[in-house]
Amino acid sequence: MAYWLMKTEPDAFSIDDLANSPDGVSGWDGVRNYQARNFMRDDMKVGDQVFIYHSSCPEPGVAGIAEVCREAYPDPSSFDPESPYYDPKSTEENPRWWCVSVRFVRKLNKVVPLAEMKLNPALQDMALVKRSRLSVMPVQPHEWETIMAMA
DNA sequence: GCCAACGTTGGC
DNA sequence: GCCAACGTTGGC
């Protein structure tokens, strides 16, 4: 079982929105970055644990936990001309963008702020801390444990 | 709102 | 294939 971190802007879709989704399940669509797509398409497996990270908000940080409940499938929003994520170069025959579905597990006792994570020597190698814009990234087991202990 | 980082586009 | 221009992300 692997660990991951997925970013979301809470104004658009927060950990509470995930919790309030039917069965706590939501498709993680709209990702338009190849590296992030590859993680979802090739590596994320049912049962993998996922930190839900709130970005572009007053207190950026890890807000809760979800788990992968459906492995890679073509991102439906890429086929929908009405969607802001529509991409005419993605077709049903040859999808360009993929997503997974995740199920809400729980919120952390408190949001673990990015500012605290940056100060923790155990987290210095995280893409998140190194100010990468990657929206889906792997988390090492020791990093998972470190963040859990900070909540 | 600013701006640094960095991914994407497109002319050549 | 290079690289300048441009657009987006996201912390502050």
Side-chain angles (χ1 to χ4, degrees), chain A residues 2-21 26-44 48-68 71-102 104-151:
Chain A
Y3 297 111
W4 302 93
L5 180 145
M6 290 171 131
K7 293 182 186 174
T8 182
E9 298 187 18
D11 284 352
F13 190 81
S14 71
I15 186 76
D16 290 320
D17 292 325
L18 178 60
N20 292 328
S21 298
S26 179
W28 209 261
D29 60 4
V31 173
R32 295 293 177 268
N33 169 283
Y34 288 105
Q35 209 180 341
R37 177 206 66 182
N38 293 347
F39 284 134
M40 291 197 290
R41 188 188 59 187
D42 305 334
D43 299 321
M44 296 184 83
D48 283 359
Q49 301 291 111
V50 181
F51 278 142
I52 303 298
Y53 176 89
H54 283 172
S55 67
S56 299
C57 58
E59 190 177 51
V62 177
I65 300 171
E67 66 183 10
V68 178
E71 285 168 22
Y73 57 99
D75 182 337
S77 70
S78 70
F79 307 133
D80 176 6
E82 304 298 310
S83 167
Y85 303 117
Y86 176 60
D87 182 351
K89 293 178 186 147
S90 184
T91 62
E92 312 248 4
E93 297 74 32
N94 188 18
R96 174 176 293 201
W97 303 113
W98 297 72
C99 61
V100 299
S101 291
V102 299
F104 174 79
V105 174
R106 66 179 179 87
K107 295 170 75 169
L108 298 185
N109 298 326
K110 69 173 192 80
V111 172
V112 176
L114 176 63
E116 282 182 30
M117 295 171 66
K118 284 182 168 178
L119 296 173
N120 193 315
L123 302 178
Q124 294 310 300
D125 289 337
M126 289 187 78
L128 190 73
V129 170
K130 290 198 269 193
R131 130 208 279 294
S132 148
R133 298 182 303 159
L134 198 53
S135 60
V136 177
M137 68 182 78
V139 173
Q140 299 305 122
H142 81 272
E143 294 165 343
W144 183 276
E145 294 305 325
T146 300
I147 292 165
M148 292 293 277
M150 293 168 75

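In what follows, chains are A, B, ... by sequence order, proteins preceding strands, each numbered from 1.
Within the 3.5 Å criterion, the main-chain N or O of A/Phe13 finds a donor-acceptor partner in the side chain of A/Thr8. Panel note: side chain A/Ser21, backbone A/Asp17; a donor-acceptor pair is recorded below 3.5 Å.
Note on A/Lys118: only backbone sugar-phosphate atoms sit closer than 4.0 angstrom, heavy atoms only; bases stay farther off.
Atom pair A/Leu128:CG and C/dG10:P shows a separation of 9 Å (rounding to whole Å applied). One can place CE of A/Met117 at 12 Å from P of C/dC12, the figure rounded to the nearest angstrom.
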Q: Could you go through the side chain to side chain donor-acceptor pair (under 3.5 Å) check for A/Ser14 and A/Asp16 one step at a time?
A: CA-CA 5 Å; A/Ser14 71; A/Asp16 290 320; 4.5 Å; no
Between side-chain atoms of residues 93-102 of chain A and protein atoms elsewhere (two or more places apart, or another chain), which donor-acceptor pairs fall under 3.5 Å?
from	atom 1	to	atom 2	distance (Å)
A/Arg96	NH1	A/Tyr34	OH	3.3
A/Trp97	NE1	A/Asp87	OD2	2.8
A/Ser101	OG	A/Tyr73	OH	2.8

Side-chain donor-acceptor pairs under 3.5 Å in residues 118-125 of chain A, sequence neighbours left out?
from	atom 1	to	atom 2	distance (Å)
A/Asn120	OD1	A/Ala122	N	2.9
A/Gln124	NE2	A/Lys118	O	2.9
A/Gln124	NE2	A/Asn120	O	2.8

(Q) Each nucleotide in nucleotides 1-9 of chain C should get exactly one letter: B, S or -. Can you fill that in based on protein heavy atoms under 4.0 Å? (A) ------BBB
